Amino acid sequence: MTDILDELAWRGLIAQSTDLDALRETLAQGQAAVYCGFDPTARSLHVGNLVPLLILRRFQLAGHRPIALAGGATGMIGDPSGRASERVLQTLDVIGQNVQAISGQLERFLDFDDGPNGAKLADNLDWLAPMSAIDFLRDVGKHFPVNTMLAKDSVRSRLDAGGLSYTEFSYMLLQSYDFLELLRREGCSIQVGGSDQWGNITAGIDLIRRTEGRPAHGLTVPLVTSATGEKFGKSTGGGSLWLDPELTSPYAFYQYWINTDDRDVEQYLKKLTFLGREEIEAVVAQGVERPQDRIGQRRLAQELTTLVHGQAETDAVEAASQALFSRDGDLSVIEERALAGALAELPGMHVDLGAAPSLVDLLTGTGLYASKGEVRRAVAQGGAYVNNERVTDADAAVPEQAWLHGRFLVLRKGRRSLAAVTRGGSRDNEQSNG
RNA sequence: GGCAGGUUGCCCGAGUGGCCAAAGGGAGCGGACUGUAAAUCCGCCGGCUCAGCCUACGUUGGUUCGAACCCAACACCUGCCA
């Protein structure tokens with residue numbers, strides 16, 4: 001077993017922890033179980049969830065046993081931590097679906113084999129749902145002094161900001177009980193989470209000490225922030241960068257990392273990939289020398305896209321990016337098959353052979369622009385392109401010779417947002433390629 | 001339950017009867033410059049069949065030639081009191 005704590009430390013992945021020496025000792029005694037919870041607030045995890053999720057994997061690689069908990073029950077309550085205002089409760093239906101979806105994603109990042117350190121998936125609905133309110137108040141609530149709860153950051157900041165409901169105030173009791181339950185069921189005495197989870201984690205440790213008289217440990221990972229202070233993992237449109245390929249295409253996912261600010265590359269490589277120390281240092285050194293080659297960005301994009309979407313997707317996306325970005329000029333020289341493959345990775349639309357849509361229709365139809373008004377503005381400012389040629393008249397029809405290989409158009413917005421239009425009976429060709 | 005205050009475009013926030021598609025900031029988008037980076041400068045930033053029209057300032061109804069702005073009811077949020 002490698003020393004996982006040293007590993008996490010040099011990667012900058014430890015924000016806060018309980019007694020590190022005691023934790024080190026526990027880990028040294030042999031295989032330990034480590035748990036991290038994920039709230040089903042959406043139907044997919046996003047890259048923000050990736051850091052703690054990968055921590056579980058790092059523990060597994062170091063020989064320990066990870067437990068990923070999908071908060072089927074806590075998701076119904078709403079965690080006040082890190083939130084400025086009360087959450088709107090989601091319907092049980094939606095939460096159930098989210099738990100399903102998220103559980104499926106969690107499974108892909110950990111090894112669930114029967115080995116001694118095979119991962120486990122848990123849902124706190126299993127033990128919280130059967131519990132009565134009276135049992136809960138007597139067995140759990142009794143161990144929580146309200147004055148301590150009020151002192152927690154998550155509660156105090158909300159009190160300052162106008163208050164919170166009893167529902168959310170109770171959240172930390174539920175999460176604490178999860179920890180206790182996992183200790184009893186799985187012998188799990190270590191919980192990891194985002195830094196906003198510190199209050200909840202320590203509350204669980206207190207509960208365990210009071211009920212079981214045993215020590216437990218907590219570790220939080222820092223909130224990842226970009227150099228410009230923007231929220232990490234927000235796509236350029238402002239939305240989250242989802243792990244679900246239906247919500248964020250692998251192409252968009254890859255592009256996000258390719259566009260990483262130079263200043264963030266090193267910390268992202270450390271925190272989000274499994275590359276070793278020497279390799280990261282080498283990549284960073286090359287980046288300092290030849291920043292224009294974007295070696296670090298490329299490496300980051302490759303590693304993460306492969307981790308989330310698999311090697312095959314990465315290869316496809318990378319080929320597409322190269323074909324479309326490496327030459328600013330003539331797209332018609334790209335051979336048909338390569339172009340077809342590249343365009344398949346882009347958001348796009350299909351039109352019938354006989355149709356004669358105007359450029360505005362295509363530019364909005366592919367989702368590249370939200371409205372026709374936006375297209376008009378972009379054209380006036382010179383920010384819309386078809387096959388790398390600037391559009392001057394949005395209402396013009398597409399000239400026949402513009403169709404690459406008779407059936408493709410590459411639409412571009414600004415420097416780097418691309419979309420594809422295909423026409424005619426291209427379905428057969430695409431299938432024969434795949 | 002009572003009293004007071006609030007609800008404005010993606011977010012914050014000004015506006016208190018016509019000059020309001022609504023100041024200012026942030027976010028976002030485009031252009032120039034670059035390296036699909038950052039910084040900087042310039043422009044844009046509700047929709048459309050775009051010199052015009054339509055929809056919008058919590059909801060519904062009213063006053064008025066005319067309402068984000070006045071009145072009423074309702075909903076929600078906040079504070080104080082019970």
Side-chain angles (χ1 to χ4, degrees), chain A residues 83-89 157-165 167-168 225-241 249 251-269 283-284 286-302 305 317-329 331 342 345-347 357-361 363-386 388-395 410-419:
Chain A
R83 300 266 310 184
S85 58
E86 187 86 7
R87 283 172 196 271
V88 176
L89 288 178
S157 62
R158 283 285 294 276
L159 288 176
D160 294 342
L164 76 172
S165 68
T167 305
E168 290 196 5
T225 50
S226 72
T228 47
E230 278 155 28
K231 266 192 185 158
F232 165 73
K234 293 291 172 188
S235 67
T236 50
S240 291
L241 203 65
S249 72
Y251 172 82
F253 189 86
Y254 181 91
Q255 284 296 319
Y256 176 83
W257 302 111
I258 279 289
N259 287 317
T260 300
D261 192 313
D262 290 3
R263 294 168 293 181
D264 292 321
V265 171
E266 182 174 358
Q267 67 146 335
Y268 287 0
L269 283 171
V283 167
V284 169
Q286 289 178 61
V288 170
E289 222 171 287
R290 299 192 307 281
Q292 66 277 15
D293 288 350
R294 311 171 70 78
I295 292 164
Q297 279 91 338
R298 186 152 293 124
R299 199 61 207 270
L300 185 65
Q302 287 169 347
T305 309
V317 165
E318 199 157 39
S321 300
Q322 237 154 36
L324 296 165
F325 280 109
S326 61
R327 70 200 79 201
D328 228 359
L331 289 167
E345 300 295 329
L346 301 177
S358 68
L359 287 174
V360 220
D361 297 329
L363 289 165
T364 53
T366 49
L368 205 55
Y369 291 91
S371 70
K372 293 179 183 178
E374 201 177 300
V375 173
R376 268 172 233 285
R377 261 175 251 128
V379 168
Q381 296 183 129
Y385 302 78
V386 172
N388 284 340
E389 281 184 38
R390 190 169 268 181
V391 174
T392 50
D393 178 9
D395 292 311
V410 178
L411 309 182
R412 180 154 64 86
K413 162 173 142 180
R415 193 80 187 94
R416 55 198 185 188
S417 304
L418 294 162

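Treat the numbers as computed from the prediction; the structure is a model and nothing was measured. Chain identifiers are assigned alphabetically (A, B, ...) following the order of the sequence lines, protein sequences preceding nucleic acid strands; residue numbering begins at 1 within each chain.
If you measure from atom CD of A/Glu289 to atom P of B/G35, you get 17 Å, rounded to the nearest angstrom. Remark: P of B/G35 and CZ of A/Arg415 are 9 Å apart, rounded to the nearest angstrom. Distance CG (A/Asp293) to P (B/A37): 15 Å, rounded to an integer number of Å. Separating the CZ atom of A/Arg298 from the P atom of B/A37 is a distance of 13 Å, rounded to the nearest angstrom. Going from atom CG of A/Asp361 over to atom C1' of B/C48 covers 13 Å, rounded to whole Å. Remark: P of B/U34 and CD1 of A/Ile258 are 21 Å apart, rounded to the nearest angstrom. One atom, CG of A/Asn259, and another, C1' of B/G28, lie 15 Å apart when rounded to the nearest Å. For the pair A/Glu374 CD and B/G30 P, the interatomic distance rounds to 9 Å; values are reported in whole Å.
B/A37 sits 11 Å from B/C29 when the P atoms are compared, rounded to a whole Å. Here the separation of B/C53 from B/G61, taken at their C1' atoms, is 27 Å to the nearest Å. Nucleotides B/G66 and B/G28, compared at atom C1', are 36 Å apart to the nearest Å. On the P atoms, B/A4 is 12 Å away from B/A72, given to the nearest whole Å. Distance check on atom C1': B/A23 versus B/G9 gives 13 Å, rounded to whole Å. B/A39 and B/G30: their P atoms are spaced 15 Å apart (whole Å). For the P atoms, the distance from B/A14 to B/C33 is 40 Å, rounded to whole Å. When the P atom is used for both B/U55 and B/C48, the distance is 15 Å, rounded to whole Å.
Pairing for B/G43 goes to B/C29, judged as Watson-Crick or G-U wobble with the two contacts each under 3.5 Å. Of all nucleotides present, none satisfies the Watson-Crick or G-U wobble test against B/A23 with each distance under 3.5 Å. B/G5 is paired with B/C77 under the criterion used here, namely a Watson-Crick or G-U wobble arrangement in which both key atom distances are under 3.5 Å. Base pairing of B/A37: no nucleotide in any strand meets the Watson-Crick or G-U wobble criterion (both distances under 3.5 Å). Shown here, B/A82 forms no base pair; nothing in the strands shown gives a Watson-Crick or G-U wobble contact with both key distances under 3.5 Å. Nucleotide B/A72 forms a pair with B/U60, judged by Watson-Crick or G-U wobble geometry with both contacts under 3.5 Å. In this entry B/A14 has no Watson-Crick or G-U wobble partner, no candidate having both defining distances under 3.5 Å.
Contact check, A/Tyr268 against B/A37: no side-chain N or O comes under 4.0 Å of OP1 or OP2. Residue A/Arg377 places no side-chain N or O under 4.0 Å from the OP1 or OP2 atom of B/C44. Note on A/Ser371: a side-chain N or O is less than 4.0 Å away from OP1 or OP2 of B/C48. For the OP1/OP2 pair of B/A37 and a distance below 4.0 Å, the side-chain nitrogens and oxygens of A/Arg416 include at least one atom meeting the criterion.
A donor-acceptor contact under 3.5 Å is not formed by the side chain of A/Gln381 with the base of B/G31. For B/G35, its base sits under 3.5 Å from the side chain of A/Asp262 at one donor and acceptor pair at least.
Residue order along RNA chain B, read from the 5' end via each residue's closest nucleotide, puts A/Tyr385 first among A/Tyr385 and A/Ala370. For the pair A/Lys413 and A/Gly373, nearest-nucleotide mapping onto RNA chain B gives the more 5' position to A/Lys413.
Considering only side-chain atoms of A/Lys372, the nucleotide from B/C48, B/G35, B/A38 that sits closest is B/C48. For A/Asp261, whose side chain is taken as the heavy atoms from C-beta onward, the closest listed nucleotide among B/A37, B/G31, B/C29 is B/A37.
Between the A/Asp293 side chain and the A/Ile295 main chain, no donor and acceptor come within less than 3.5 Å of each other. A distance-only check finds no donor-acceptor pair linking the side chain of A/Thr305 to the backbone of A/Gln302 [under 3.5 Å]. Side-chain atoms of A/Arg412 come within 3.5 Å of backbone atoms of A/Gly414 as a donor-acceptor pair (strictly under, hydrogens ignored).
The pair A/Arg376-A/Asp395 meets the salt-bridge criterion, with a side-chain N (NZ, NE, NH1 or NH2) lying under 4.0 Å from an Asp/Glu carboxylate O.
Among the heavy atoms of the strands lying under 4.0 Å from A/Gly414 are primed sugar atoms or P, OP1, OP2 only; no base atom is included. Base contact: A/Arg376 has a heavy atom under 4.0 Å from a base atom. Nucleic acid contact for A/Gln255: base, since at least one base atom lies under 4.0 Å from a heavy atom of the residue. When heavy atoms are screened at a 4.0 angstrom cut-off, A/Tyr369 is found touching no nucleic acid atom at all.
Shown are A/Gln297, A/Arg290, A/Gln292; of these, the side-chain contact (heavy atoms from CB on, under 4.5 Å) with A/Arg294 is made only by A/Gln297.
Atom CD of A/Gln286 has more than 12 neighbouring heavy atoms from other residues, nucleotides or ligands inside a 6.0 Å radius.
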Please evaluate residues A/Trp257 and A/Leu241 with respect to the criterion side chain to side chain contact (heavy atoms under 4.5 Å, CB included), reporting the C-alpha separation (whole Å), side-chain torsions for both, the decisive distance (0.1 Å), and the verdict.
CA-CA 10 Å; A/Trp257 302 111; A/Leu241 203 65; 4.1 Å; yes
Determine, step by step, whether A/Leu324 and A/Leu346 satisfy the side chain to side chain contact (heavy atoms under 4.5 Å, CB included) criterion, reporting the C-alpha distance in whole Å, the side-chain angles of both residues, the deciding distance to 0.1 Å, and the verdict.
CA-CA 10 Å; A/Leu324 296 165; A/Leu346 301 177; 3.7 Å; yes
